[in-house]
Protein chains: 2
Amino acid sequence: MTQADTRELRYFIAVAEERHFARAAARLGIAQPPLTRTIQKLERGMGVRLLERDSRGVRLTEAGTVLLREGRVALERVGAATRRAQRAGRTPATLVLAVKPGGDGGLLTEILAAHAAEPDAPDVDIVCVGAGEQAAAVRDGRADVALLHRPDADLTGLDREDLLVESQVALLPPHHRLSGHARIRVADLEDDPLPRWPDTAGELSGAGIREAGRLMQLILVGRLIAVGPESVRRYAWDGVACVPVVDAAPTTLALAWPEDSRSRAVSAFARVATAVASRHRDATVHEPGP
Amino acid sequence: MTQADTRELRYFIAVAEERHFARAAARLGIAQPPLTRTIQKLERGMGVRLLERDSRGVRLTEAGTVLLREGRVALERVGAATRRAQRAGRTPATLVLAVKPGGDGGLLTEILAAHAAEPDAPDVDIVCVGAGEQAAAVRDGRADVALLHRPDADLTGLDREDLLVESQVALLPPHHRLSGHARIRVADLEDDPLPRWPDTAGELSGAGIREAGRLMQLILVGRLIAVGPESVRRYAWDGVACVPVVDAAPTTLALAWPEDSRSRAVSAFARVATAVASRHRDATVHEPGP
DNA sequence: CGTCGTTACGTCGCCCGTAAATATG
DNA sequence: CATATTTACGGGCGACGTAACGACG
């Protein structure tokens, strides 16, 4: 035997992450002894030591480090395989699109309308996921395509089509010292608590930042500020100031899908989305302001 | 349960490929009944019908088609995870390079020498694989890096660095009607049996084309001809004519590795290889003749 | 002596193989 | 009636849990 099993991988990953057999067993909902045995058997089967058991815990060997990283993606692919097959069997066929609230660059309704107008277009299921999880949703098979922002999102294993380049704005409380400015710079914000919304929630996830309203609330009361693509303007509450950050690297709104996708529905949707985006770009170029 | 197991995936893939429970069971070395039960359980667990059992065989449903494709890569990743971890645990550390006989563009010895001269360079294990299997060897964890030719090789899931652009030559028997020509065109060859050596063995694998000597033998006796990058000249036997094919799309020799590789050894090797290749390019540009 | 990983042992369940049953052209 | 898949039944291996043991600070 040299081929690890999904159960063995799950168990090993739990131990490797917890660095503690007892905690890992609790997390897995089993007793410690089966865990010990499974890891031992895995090591014996592979002919390699994965964990260095020390009395005050567990350290990973070189091989263990590799198996932790590789095993995670392997399990993810197994889960993705089953989920994608499940969804392919559901009727009627639907296309699942992962978005983040407010992360559509204002294009979503237009794209959906254009897509629905296509002949034989499947229904589109929209799933809202937490900040920065759109790519993961596509990778693990929960979604077929995702709207996300580059370069914030990690696109490993995904193909993409760029839709829109957006400059960044800061969302500030009404009485913030910079609220009146016409434009500011990144350096101006370095003292403020800034979770780079809406792409990575940073360390503030405990506060429930995943919801846009919650975030606006916190901004209004001056507990934090946020920076995001200019399309978030439309979600800003009254009183929240939107000030362009002139030297922030622009982010690109992109549509992403699995790089080995052979789905006709996905490519059709991508074609429609790029068409809408390019129409949108032309419109803003030719009619700069009202 | 919604997460398939590796055993279930293996079994399903066997049935899906054979389109026949009995043959699949034989291939797996088990009896049919366990196969039937396993597939049923898999379908029940996923809540989707995967196979349409007809009296004269088995057809795949939409979901089954997806699971066949996705399940293959999932199993491959599981195998890759274990193999890579195994190799990471072996001491001393070695870097495994997959090449195809004669597919090194004449750079291999130079690259190996340059790499060995680096401080802390691991030993390089060279594994020769059949034509077109270098990428697969990297994907499934048998090798860390591969030398291969674009665009013949499928680089899905791999990162690469291009080393050398090579134009193509035809290898012809001594008395072939085109042997005396200084250059020919693709259209001139359309009547000849041509396995696009050495990248894809085509349908002739039964003849044992994997070995270069065998191929030369067949060419000499006039049983077939071959087309490949110009670096194969050095492997051509006496009497075999090498004639440039002027309108064949040039192929690019590239070094490839897993796109999520975080191995220091791989990146060091890639750096050395590109340096050697660029030196080589400069040399051939500045000294065109002998 | 408390913490943590391992070994021992008995039970239950899953997977397998053999044999019989069912559907279909 | 022949081919192919499914159901029925019994045996064995493997995974689990409880309990006892060993190593280390």
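Convention: sequence-line order gives letters A, B, ...; per-chain numbering from 1.
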Between [N] ([atom2]) and [X] ([atom1]): distance, integer Å:
X: B/L42; N: D/dT6; atom1: CG; atom2: C1'; value: 17 Å
X: A/R59; N: C/dG5; atom1: CZ; atom2: P; value: 13 Å
X: B/D5; N: C/dG13; atom1: CG; atom2: P; value: 19 Å
X: B/E52; N: D/dT5; atom1: CD; atom2: P; value: 14 Å
X: A/R37; N: C/dT6; atom1: CZ; atom2: C1'; value: 10 Å
X: B/R53; N: D/dT5; atom1: CZ; atom2: P; value: 9 Å
X: A/D54; N: D/dG22; atom1: CG; atom2: P; value: 20 Å
X: B/R44; N: D/dT6; atom1: CZ; atom2: C1'; value: 15 Å

In terms of side-chain heavy atoms of [X], which of [options] is nearest?
X: A/I30; options: D/dT5, D/dT18, D/dG17; answer: D/dG17
X: A/P33; options: D/dT6, C/dT6, C/dC16; answer: C/dT6
X: A/P34; options: D/dC16, C/dG17, D/dT6; answer: D/dC16

Phosphate contact ([N] OP1 or OP2) by [X] side-chain N/O below 4.0 Å:
X: A/T36; N: C/dG5; value: no
X: A/K41; N: D/dA15; value: yes
X: B/R7; N: C/dC16; value: yes

Toward the 5' end of DNA chain D, by each residue's nearest nucleotide, A/Q32 or B/Q32: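 Going by which nucleotide is closer to the 5' end, it is B/Q32.
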
DNA chain D: 5'-proximal contact among A/A31 and B/R23 (nearest heavy atom):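 The 5'-side residue here is B/R23.
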
Over all atoms of both residues, closest heavy-atom pair of B/L42 and B/A4: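 Taking every non-hydrogen atom into account, CD1-CB, 3.9 Å.
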
Heavy atoms of other groups near B/D120 CG, more than 12 under 6.0 Å: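 Open.
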
Neighbour count above 12 (heavy atom, 6.0 Å) for A/E76 CD: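 Atom CD in A/E76 is packed in, count exceeds 12.
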
Candidates A/V145, A/V127, A/V138, A/D123 - the one meeting side-chain contact (heavy atoms from CB on, under 4.5 Å) with A/V96: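 Testing each of A/V145, A/V127, A/V138, A/D123 against A/V96, the sole residue satisfying side-chain contact (heavy atoms from CB on, under 4.5 Å) is A/V127.
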
Heavy-atom donor-acceptor pair, B/R49 side chain to B/A63 backbone, under 3.5 Å: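 No, the answer is negative, given that no donor and acceptor are paired below the 3.5 Å cut-off.
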
